[in-house]
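Below: the structure, in structure tokens.
Every heavy atom of this structure was used, including side-chain atoms; hydrogens, water molecules and symmetry mates were not.
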Amino acid sequence: MQQVVVAGRQSDSRAVMQALQQAGVLHIVPLEAQGFQSGPLSGQAAEERRDTERLLARAESTLGELDASRAPRAALPAESEWSAVVEQAAGPAAALSEREVELRADLDTQRSYGEVVSALARAAGGLDRSARLSLLPLTVETAAELQAAQNALEAELPGRFALGTERVSDRLTAVVVAVLRTERDRARVALGKARLGELRLPGRFERLPLSEVAAAFEQVTRTAPQALEQVQAEKGALAKQHGPLLAAIRDALADRVGIDDARAQTARGKYGFVLQGYVPADRVADLQGVLAPFKNSATFELHHVDAHHGDGVPVQLKNSSYTENFEFMLNISDPPKYGTFDPSWIVAWFFPLFFGFIVADIGFGLVFLLAALWGLGKARRGESLPIGLLGITLDPATLKRVGVVLRTMSLWAIAWGVATGEFFGNVLEKLHVFFYDPALIQRVWGVQFSELTIEHLQEEGHLKGLIPIIFPRVQSDFSNTIMLLCIAVGVIFMLWSWGLKAQLTWKHKHMHHFWEAVGMLGGLVGLILLAYISKAGQNFGALGNFADPLVLVMLVGFVVFVVGLIASKTPLMLIELLSNGGNIISFTRLFAVGVAAAILANLATDVGWGLGGVLPIIGPLLGIVLGILVHTFLFVLTILGHVMQPIRLVWVEYLNPTGFYQETGVRYSPFAPAARK
């Protein structure tokens, strides 16, 4: 990243800003200088900005009313025509939108109250048109409520009311109370005492007689759908006619507001201005090209950014085409500080690997793969995906990245599923596609199955098949091996994270944190060897065998830890060391969550398979249906853990020690036209 300072004549500031905007490479930062004005524009420039914002808001609202926000851009008309073009579309668009709102409101009201109003109109029997009487419409659900209303009215207006009823449905009854107009309020009070309220219709229907409302609802049912279709057709035609021009004007106005925002970040004088920003080293040529026409009125200087003092320097992530699909997974926080490291590639490689290790099922992997391919297909067609449950919509670009991530996760799940021999649990074991070869397991992993295990597999018929299972995670004889593998991964990740912190802090001469990282590395080595030599606390006597070089390495590790503790002046490292030991153990989540899910999947398959063997014809069909239902329920129940546990291991256990969340940077956001954002 290069630091840029641009200085020029005030009279050319807008033209210079427009050129920089078209280049779209400069990240502008606010600049204050003694004797110069900074901050929001004032005077005539501020008034022009307000006019631009008003017209921009008018154009955006019109595009929104026409559902044409993503319309293709037409050629930009002359600036003198912008206001007329916007108003030419804004008036009809507002009228159509208002008409659409009215029609939809009428339809919604009719759907909600149509049956009730029809019943009330029948119960009223024409009394709703009386000049002397008032009708209070309401609904009740039980006979007890109706009796309570009658009792309350009798107590308040003895013999001076009439009550009519009409069934709406099995659970709802329409009720009309007729009273003299002068006693309407007393009737309302009586109904209130019975905890019943008058039915009030929304909008224009509130003050109409019930018979007129019923007639109006019939009219709405007959004409509103067609009228709504006509309005939508007219909106579509209007959008087709004016949308491209409006979109072009909207973007031009947004660019003009952006230029004013950029000018507000400069230091301005009566005759000149100074601008400060950053540009990626590989885009300097673009910056020089757009400023070349202004060489007589503007000048600029470039300075290399010191990576050791990267505060305020924007960060542009540069990853491979594969890794950049995973960058959004780290967008929950600010990007890493300039001059540190970008962990996107770690997420890109290890998150799907860990996910696949947990799922490790060909069937479930294929389900994820189908979902990924479906999403990628929508992205290729330029379609968005609304997710109502989360209240968000994935645009095509984001949907493509999510699809790639999901596809990678599914492929790892299928690959691990081949190793475990799992397809929706043990379906393919029962069909003798996958089988257990105890001799092969012993040669590969050094694990010998017990006689009881072999006898059980023999009874189930799982010792014969086409493809041998090389990673039998559901077998209890293999549990210790998987757990040790997971702990080994945890050891590698924790040593790696603290080693990375040591390297970064040494690079930036943060010696306090450097000694902390070195001390934690030594302490972790000592702690790991202590557990290994003593066989997890079963043989503490082995720790006194100084002829064993591992014991000497352990002692050196603890000495380094003490040195780091003293040099960093961080006594809490004692607690932190134990916490990091626990983080290593946390990697056994990969084993626990995965095996638990596999056992549940086997259970679902066994339930369906068992039912299939009970009845001769219908049994297999019922077994398949039941198996699918149980698999679906268990999959939905456990999927959150399948996704969250791998993310946690990378986000928390690995990234926390590196200081990733403590030193964050500013995301590179170049000054560019609205159409490119």
Straight-line distance of M494 CE to I487 CD1, nearest 0.5 Å: 13.5 Å
Heavy-atom check, side chain of L590 versus side chain of Q645, under 4.5 Å: no
CZ (F633) with more than 12 external heavy atoms under 6.0 Å: no
Straight-line distance of N319 CG to N325 CG, nearest 0.5 Å: 10.0 Å
Side chain to side chain contact (heavy atoms under 4.5 Å, CB included) between F423 and L431, worked out: CA-CA 11 Å; F423 179 88; L431 296 175; over 6 Å; no
pair I584-I528: side-chain heavy atoms closer than 4.5 Å: yes
Pairwise distance CG(L655) to CZ(R648) - rounded to 0.5 angstrom: 12.5 Å
Stepwise side chain to side chain donor-acceptor pair (under 3.5 Å) check, S479 with S476: CA-CA 5 Å; S479 298; S476 58; 5.8 Å; no
Side-chain donor/acceptor of T632 to backbone N/O of I628, under 3.5 Å: yes
Closest contact, heavy atoms only, V518 versus A502: CG2-CB, 4.5 Å
Side-chain donor or acceptor of Y668 paired with backbone N/O of P280 under 3.5 Å: no
H27 side chain to F671 backbone, donor-acceptor under 3.5 Å: no
Residue pair P646 / G641: nearest heavy atoms and the distance that separates them: CD-O, 4.0 Å
Check: L26 and L275 side chains under 4.5 Å, non-hydrogen atoms: yes
Residue pair T398, D395: steps toward the side chain to side chain donor-acceptor pair (under 3.5 Å) verdict: CA-CA 5 Å; T398 304; D395 59 79; 3.0 Å; yes
Within the 6.0 Å centroid threshold, strictly below: F326 and F351: no
Sequence neighbours excluded, every pair satisfying ring-ring contact (aromatic ring centres under 6.0 Å, His included) that has a member inside residues 550-571: none
N-O pairing of K430 and D606 below 4.0 Å: yes
W515, CH2 atom: more than 12 neighbouring heavy atoms under 6.0 Å: no
Criterion side chain to side chain contact (heavy atoms under 4.5 Å, CB included) on L578 and L574, from CA distance to verdict: CA-CA 7 Å; L578 298 177; L574 290 168; over 6 Å; no
Main-chain N/O of I358 paired with R473 side-chain donor or acceptor, under 3.5 Å: yes
Salt bridge E327-R401, side-chain N to carboxylate O under 4.0 Å: no
Donor-acceptor pair, side chain of S320 and main chain of T323, under 3.5 angstrom: yes
Residues, nucleotides or ligands: over 12 heavy atoms within 6.0 Å of Q288 CD: yes
Crowding at CD, Q448 (>12 non-hydrogen neighbours, <6.0 Å): no
Least distance between heavy atoms, M573 atom then G564 atom: SD-O, 4.1 Å
Donor-acceptor under 3.5 Å (D361 side chain, F364 main chain): yes
Main-chain N/O of W651 paired to Y661 side chain as donor or acceptor, under 3.5 Å: yes
Option among V404, V405, L406 that satisfies the side-chain contact (heavy atoms from CB on, under 4.5 Å) test with T408: V404
Minimum heavy-atom distance between D286 and R283, given as atom pair plus value: OD2-NE, 2.6 Å
Stepwise side chain to side chain donor-acceptor pair (under 3.5 Å) check, H304 with Q2: CA-CA 5 Å; H304 288 286; Q2 300 276 305; 2.7 Å; yes
Enclosure of F328 CZ (heavy-atom neighbours >12, cutoff 6.0 Å): yes
Distance, nearest 0.5 Å, that separates CG of L394 from CG of L399: 6.0 Å
Whether N580 side chain and E576 backbone form a donor-acceptor pair below 3.5 Å: yes
Side-chain donor-acceptor contact under 3.5 Å, D477 with T453: yes
Where at least one partner belongs to residues 469-489, residue pairs that pass ring-ring contact (aromatic ring centres under 6.0 Å, His included), sequence neighbours excluded: F357-F471, W416-F471, W445-F471, W445-F478, F471-F478
Student check: side-chain heavy atoms of F587 and L649 closer than 4.5 Å: yes
Criterion side chain to side chain donor-acceptor pair (under 3.5 Å) on E516 and T570, from CA distance to verdict: CA-CA 7 Å; E516 178 189 10; T570 310; 5.3 Å; no
Test of ring centre spacing under 6.0 Å for W349 and F354: no
Short side-chain to backbone donor-acceptor contact, T605 and A601, under 3.5 Å: yes
Closest non-hydrogen atom pair, S384 against K378: O-CE, 3.6 Å
Heavy atoms of other groups near Q662 CD, more than 12 under 6.0 Å: yes
Heavy-atom check, side chain of I469 versus side chain of P472, under 4.5 Å: yes
Backbone of A360 reached by a side-chain donor or acceptor of T420 within 3.5 Å: yes
Gap between atom CG of L428 and atom CD1 of I467 - 0.5 Å precision: 8.0 Å
For H642 against A597, the heavy-atom pair lying closest together: NE2-CB, 3.3 Å
Aromatic centroids of W496 and Y654 separated by under 6.0 Å: yes
Ion pair K464/D437, N-O distance below 4.0 Å: no
Side chain to side chain contact (heavy atoms under 4.5 Å, CB included) between L463 and I454, intermediate numbers included: CA-CA 8 Å; L463 294 179; I454 294 176; 4.3 Å; yes
4.5 Å side-chain heavy-atom contact, E663 and T340: yes
Any L529 side-chain heavy atom under 4.5 Å of V553 side chain: yes
Distance, nearest 0.5 Å, that separates CD1 of I414 from CG of L366: 4.5 Å
Chi angles and distances behind the side chain to side chain contact (heavy atoms under 4.5 Å, CB included) call for V525, M554: CA-CA 7 Å; V525 169; M554 177 192 72; over 6 Å; no
Partner set under ring pair (Phe, Tyr, Trp, His ring centres under 6.0 Å) for F355, not counting sequence neighbours: F368
Side-chain heavy-atom pair M1, Y338 within 4.5 angstrom cut-off: yes
